[in-house]
Amino acid sequence: MKMRAAVLEEFGKPLSVQEVELAEPKAGEVLVRLVACGVCHTDMYTASGADPSGYAPAVLGHEGGGVVERVGQGVTSVAGGDQVVTLFSPQCRDCIHCMDERTNLCLAIREQQNKGYLPDGTPRLSRDGEPIRHFMGTSTFAEYTVMPEIALAKVSPEAPLDRACLFACGLSTGLGAAMYTAKVTPGATCVVFGAGMVGLGAVVGCRLQGAGRIICIDMSDDRLAMARDHGATDTWTGGPESVQRVLEETGGFGADYTFEATGLVQVMQQAVESARMGWGLATIAGVAGKGETLDVIPRWLITGRRIAGSSFGGVKGRDQVPELVDRYLAGDIDVDSFISHRITLDDVNKGFDLMHAQDGIRSVIEYA
Ligand SMILES: NC(=O)c1ccc[n+]([C@@H]2O[C@H](COP(=O)([O-])OP(=O)(O)OC[C@H]3O[C@@H](n4cnc5c(N)ncnc54)[C@H](O)[C@@H]3O)[C@@H](O)[C@H]2O)c1
Ligand SMILES: [Zn+2]
Ligand SMILES: [Zn+2]
């Protein structure tokens, strides 16, 4: 079939919205009609050329929500008409990692996905016979996509997809960091560094876990105001004195749980140093620049602090994204407030500009 999609032709250039071809789903694959898609930093990062593993031409986009149009042979977990959220982090339910509750890093299709192909090593995207690669296994800056069944979370038919799509990346990453990676305990003191989509998600996750105190630190007053709306009990402007201030406010010990959602290695260090002596856990969700390293004095660890990394919030996508969407439907998560701009696919580059200017939390592309 022919469809419109935003193609990354050349790094550092705007995406080009054009007509491309999409082949039928093969065995184990699903054709999804996209209804909405959030614009995330990772799309902009790859488009800029800063990501050393990036490739072109490719159709970007990974925060998709859509409706199943057709399924390939052997697909049993979704059927035509089902509402789905796309998963750049799949869940095959069969590999050694999927069988273990300690991680969500499914091993089933990693290699081909990283190269831009579907699991059989070929793309479904093309233009005049020339192959175009898939991005993050999702390629949701497009009217349709073909994805493996194991990379689709079937969500409630009641969920509005323009909001549910945020659970495909940033929101679930923040929520999950608190709920599944750190497993924040009731009454705990938490510090969240960063109040973008990921940090605000972490604030909500801490609240849902029953944290006693949630300190959110950011540079933007507007974002700190949002953090308060979502459950932060204290909001501070960030800076070099953040660690000292956390220590002062916690009897000199530090916080039970800290979260880093900025992508800045200096802030990751602050998250480690403001975690509590004895049992404090620093969860790192931000993606640092290539080659950057995190500086940690070993004594901070000997004295009982721990560091955890969190990809997609530790969320096992097919099982847990539907549960998180249900909590949104139950009124536990105010998703609407995260959507700052609604745009069309043709405006996708404007979505990047808005993100660059830190104008709002999320722009969502709506497909007609
Ligand atoms: N682990 C994952 O699976 C995953 C998924 C999505 C995004 N990410 C990463 O998470 C990070 C956050 O993403 P986002 O969309 O929320 O980004 P964002 O840029 O919208 O938010 C980052 C926030 O950090 C704040 N900040 C800057 N300096 C600070 C400081 N010194 N102290 C406190 N706050 C400071 C900024 O004001 C900004 O609001 C990025 O690095 C992104 O790449 C990771
Ligand atoms: Zn993302
Ligand atoms: Zn797996």
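Just follow the structure's listing: the first ligand is 1, and inside any ligand the first atom is 1. We're numbering straight along the sequence, starting at 1.
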message: Can you tell me how the ring of F338 sits relative to the ring of H230, calling it parallel under 30°, perpendicular over 60° and tilted otherwise?
response: parallel
query: Is the distance between the Zn ion (ligand 3) and the nearest N/O/S atom of C95 smaller than 2.8 Å?
result: yes
- prompt: Going by an N to O cut-off under 4.0 Å, is there a salt bridge joining R4 and E19?
  reply: no
Considering only protein heavy atoms, which is closest to [atom], and at what distance to one decimal place?
| atom | value |
| --- | --- |
| atom 6 (C) of ligand 1 | C169 SG, 3.6 Å |
| atom 44 (C) of ligand 1 | A285 O, 3.0 Å |
| atom 5 (C) of ligand 1 | T173 OG1, 3.4 Å |
| atom 12 (C) of ligand 1 | A261 O, 3.2 Å |
| atom 34 (N) of ligand 1 | I217 O, 3.4 Å |
| atom 11 (C) of ligand 1 | G286 CA, 3.7 Å |
| atom 15 (O) of ligand 1 | H41 ND1, 3.1 Å |
| atom 31 (N) of ligand 1 | V267 CG2, 3.4 Å |

N or O pair under 3.5 Å between [X] and ligand 1:
| X | value |
| --- | --- |
| V287 | yes |
| S220 | no |
| F312 | yes |
| T42 | no |
| G239 | no |
| M197 | yes |

message: Rounding to 10°, state the angle centred on the Zn ion (ligand 3) that links SG in C106 with SG in C92.
response: 110°
message: Quick one: does any side-chain atom of E149 pair with a main-chain N or O of S77 as donor and acceptor, under 3.5 Å?
response: yes
- prompt: Can you tell me if E249 uses its side chain to pair, donor with acceptor, with the backbone of R245 under 3.5 Å?
  reply: no
query: Does ligand 1 have an atom under 4.0 Å from some heavy atom of Q358?
result: yes
- request: Could you check which of T237, V198, I284 puts a non-hydrogen atom nearest to atom 7 (C) of ligand 1?
  value: V198
statement: Closest heavy-atom approach to atom 38 (C) of ligand 1 among D218, D222, T283, T262 is made by D218
query: For ligand 1, is any non-hydrogen atom under 4.0 Å from Q266's backbone (N, CA, C, O), its side chain (CB onward), both, or neither?
result: neither
field: Degrees at the Zn ion (ligand 2) between the SG atom of C40 and the NE2 atom of H62, nearest 10°
entry: 110°
- prompt: What's the spacing between L354 CG and I343 CD1 if we round to 0.5 Å?
  reply: 7.0 Å
- prompt: Is there an N/O/S atom in C169 that lies less than 2.8 Å from the Zn ion (ligand 2)?
  reply: yes
